[in-house]
Every structure is written in structure tokens, then in C-alpha cells.
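Take a look at the structure set out below.
Because only heavy atoms are used, hydrogens play no part in the values below, and waters and symmetry mates are left out as well, while side chains stay in.
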Amino acid sequence: MLCTKKCTWCIIRIGDYNMYDKKMALIYILDILREYSDKDHLLTQQDIIKKLKNIYFIDIERRTVSTNIELLIEHGYDIIKGVNGGYYL
């Protein structure tokens, strides 16, 4: 879910590094999986990285996506990994 209120912490920045956004990556990944995935539409880690960049204007590594998805699963989110890769919620 993209903030449309232009909150102080959500203001679009080009080339700005913001640790708050990096810490929010876990929540952003959950939002992306909720909004864009289902059993017929799996998202690869690269798909998630692109959506994080295009929607939330943050860059994270593939390893970070994997770690965040594992954390979500450990905390009870029903995230499924497909046979050929990709995830859905």
C-alpha cells in the first residue's frame, strides 16, 4: 500500500538513503505479496525487488528479501514457495 498522504517518512526521494524505508521493507514485502500474488501469480525475489523500487523507491538485495520472507513465515504468515520459485500469500 503506497502512502498518498505524503507523510514525512514517506515523501518520495530520488537518490536519498533513508534507514526508515529499509526497516519498513518487511512490511512492504508483506503488502506486495498481499496485493500482487496468489496461487496463480507467484512473485520471484526479483519481482519483489522491482516492486519495492517502483512503488516504495527503496533498493534492497535479494538476500534481504529472502530473509524477510523467512521472518514473515516464522511469524505465522502463510507464504507459500512455488515449485519453480516464486512466492504467494
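Remark: K50 pairs with no residue by the salt bridge (charged side-chain N to carboxylate O under 4.0 Å, His left out) rule, at least two apart or across chains. Applying the side-chain hydrogen bond (donor to acceptor under 3.5 Å, both in side chains) test to T44 and every residue at least two apart in sequence or in another chain returns D47. Contacts of E61 classified as salt bridge (charged side-chain N to carboxylate O under 4.0 Å, His left out), with partners at least two apart in sequence or in another chain: R63. Listed by chain and residue number, nothing satisfies the salt bridge (charged side-chain N to carboxylate O under 4.0 Å, His left out) test with D38 (two or more places apart in sequence, or in another chain).
Under a hydrophobic clustering in which Ile, Leu, Val, Met, Phe, Trp and Tyr are joined whenever their side-chain heavy atoms come within less than 4.5 Å, directly or via other members, V65 and L33 fall into the same cluster. Under the 4.5 Å side-chain heavy-atom criterion for Ile, Leu, Val, Met, Phe, Trp and Tyr, Y36 and L42 are members of distinct hydrophobic clusters.
With rounding to the nearest 0.5 angstrom, the CG atom of L52 is 9.0 Å from the CG atom of N68. For the atom pair CD1 (I29) and OG1 (T64), the distance works out to 8.0 Å, reported to the nearest 0.5 Å. Between the CG atom in N54 and the OH atom in Y56 there is a gap of 12.0 Å [rounded to 0.5 Å].
Residues I58 and K53 form no side-chain contact, since every pair of their non-hydrogen atoms from C-beta on lies 4.5 Å or further apart. Within the 4.5 Å cutoff, no side-chain heavy atoms of K51 are placed close to those of I48.
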Mind listing the side-chain donor-acceptor pairs of residues 70-89 below 3.5 Å, one per line with the distance, residues two or more places apart or on another chain?
unit_1 : atom_1 : unit_2 : atom_2 : d
E70    : OE2    : S66    : OG     : 3.4
H75    : ND1    : L71    : O      : 2.9
Y87    : OH     : Q45    : NE2    : 3.4

